[in-house]
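Here is the structure we will look at, set down as structure tokens.
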Amino acid sequence: MLEIDVSKNYGSRKVIEEVRFSVEEGEFVCIVGESGSGKTTLLRIIAGLEDYEGNIRFRGGGIAKVGFVFQEDRLLPWRTAIENVMFGLEIMGYDKERARSISKRALDLVGLSGFENHYPHQLSGGQRQRVAFARAIAIEPEIFLMDEPFASLDEITRQRLQEELSKIWLKELRTVLFVTHSIEEAVFLADRVIVLSGLPSKVVGDVRIDLKRPRDRSSSAFFHYENMVRRILAGIV
Amino acid sequence: MKENTLKLLGFLTVISAWHVSSLFIPLPPPHLVAIKFLEILYYPEPVLGRNLTQHAVSSILRVVSGSLIAFMVAIPLGIVIGWNNKLDSYFTAMIEVFRPIPPLAWIPLAYIFFSVLSNPVQFAQVFIVFVGAFFPCVLSVREFAKSTDRNLIEMAKVFGAGDRDILVKVVIPNSIPGILSGVRIGLGVGWMSIVAAEMLASSGSGLGYFIMVMYEVGGRVEEIISGIIAIGIIGFLMNEILLRVERRLLRWR
């Protein structure tokens, strides 16, 4: 179980006000909210990139390892795909051979077999983001943090990657915290959607999505959940 | 027209202009210079008793030693000040003040400084090259180290990288294009400085010294122009070779 209870001020300005929720292990949670609602700040706090007030506890203690996927791929341009995936493992002190075979498997998992030796500039936006996923998967994190990882991709690529992420998650079943401003994306991916208000951020909704995977975006049940989240966001509960 | 044809045409224009001018002013025509150039490339020129190749080698050795010392200081310094803002403030203003001073302005001072040594001329000339190569290199490296994407550094931190990892795995690789162009430009400035430095003192050998002596023994224009051409060709080749190395090493771009 991951328990979150945080507040955050920039000087006298409150950006996050007692955002409190918990996540079961293996649960896929999406956090939605209008832009500038502190969603990204919340992820950065959990990743240890920002100071905060309050408590974050994982299995009763601190978080040992997070895998972060950013909105931008943030690949090192001078490293090939596989070398980028190896990055986290190298820092953890794995020897090259072992890091390479783990990274190879991670690339296979995201559908990039055969692209190991491509440089980022030789890959499409979608492929680069897959490499970024593989880099996070390779270190076997206890929690995945994803900050609008599909936001800069075109619609078709984005839908395909959502479907693949859903499949990978079903196979691997890890705890995921996924920030997005797309309600559709949240309902498609999540077990639970947590809705944040505008600044200062508070939890204003927590919706369990009871739909079997793979989900059908055009079904009426899907539409029902989208509307539910939309109403919470608009403040009509 | 093809690019190479145009390049060739450019050279032909200069040589034709040279030929025409040689009819009116005391300038030997191109073909005489070409013959002299080829002759002294191998056969020793009698006044100094060395051929052009030997002079070129002495100049190159001075440039390479002065530049290597400069790069050994400039590359680490550039990375460190590009990375650390406090050290940047500390060093950069100082560097910017020294940078505009032409390397040649240091020559008299260098001779005085090194006069206590057994071989002051050699040391002074290496020092002049050092001054010439150091500033362009340090500034180029600094600029690239400074331009390291903050997002990449943050990514590295999320994956658990400490300062050392960030330096070795992110900042330094990111600075490699700056290091390569810094070395190329530094070597170019070093090359220009050494030729001038050689003209000012009796160094016994070197292309600059050769040109100066050829002038002093009675304006031997063919030899002087041969020396100038050698300087040009070597400078061009150094730049070209390093450009190729850059392209090869930066295939990821």
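A, B, ... follow the sequence lines: proteins, then strands. Residue 1 opens every chain.
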Contact origin within B/Asp149 toward chain A - heavy atom pairs under 4.5 Å:
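Contact with chain A: none, neither part.
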
Minimal heavy-atom distance between B/Leu152 and A/Leu75, with the atoms involved, is CD2-O, 3.6 Å

Can you measure from CZ (B/Phe159) to CZ (A/Arg74) and round to the nearest 0.5 angstrom?
10.5 Å

Roughly how far, to the nearest 0.5 Å, is CG of B/Asn151 from CZ of A/Phe70?
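Rounded to the nearest 0.5 Å, the CZ-CG separation comes out at 7.5 Å.
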
What residues form a side-chain contact (heavy atoms from CB on, under 4.5 Å) with B/Lys169, not counting sequence neighbours?
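B/Lys169 satisfies side-chain contact (heavy atoms from CB on, under 4.5 Å) with A/Arg79, A/Phe87, A/Glu90, A/Ile91, B/Asp165 once adjacent residues are dropped.
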
Note: vs chain B, highest number of non-hydrogen pairs under 4.5 angstrom among A/Pro77, A/Gly48, A/Gly88 is A/Pro77

Is it the backbone or the side chain of A/Phe68 that comes under 4.5 Å from a heavy atom of chain B, or both, or neither?
both

Report which part of A/Leu145 has an atom under 4.5 Å of a heavy atom belonging to chain B: side chain, backbone, both, or neither.
neither

Side-chain polar contacts of residues 70-86 of chain B - donor-acceptor pairs under 3.5 angstrom, sequence neighbours left out - could you list them?
from: B/Asn84; atom 1: OD1; to: B/Lys86; atom 2: N; distance (Å): 2.8
from: B/Asn84; atom 1: OD1; to: B/Leu87; atom 2: N; distance (Å): 3.1
from: B/Asn85; atom 1: OD1; to: B/Lys146; atom 2: NZ; distance (Å): 3.4

Are more than 12 heavy atoms from other residues, nucleotides or ligands located less than 6.0 Å from atom [atom1] of [X]?
X: B/Phe114; atom1: CZ; answer: yes
X: A/Glu163; atom1: CD; answer: yes
X: A/Glu155; atom1: CD; answer: yes

Residues of residues 112-144 of chain A within contact distance of chain B, non-hydrogen under 4.5 Å
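Against chain B, the residues of residues 112-144 of chain A that fall inside the cut-off (heavy atoms, under 4.5 Å) are A/Tyr119, A/His121, A/Arg135, A/Ala136, A/Ile139.
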
Pairing residues for A/Asp108 by the salt bridge (Lys or Arg N to Asp or Glu O under 4.0 Å) criterion, not counting sequence neighbours:
A/Lys104

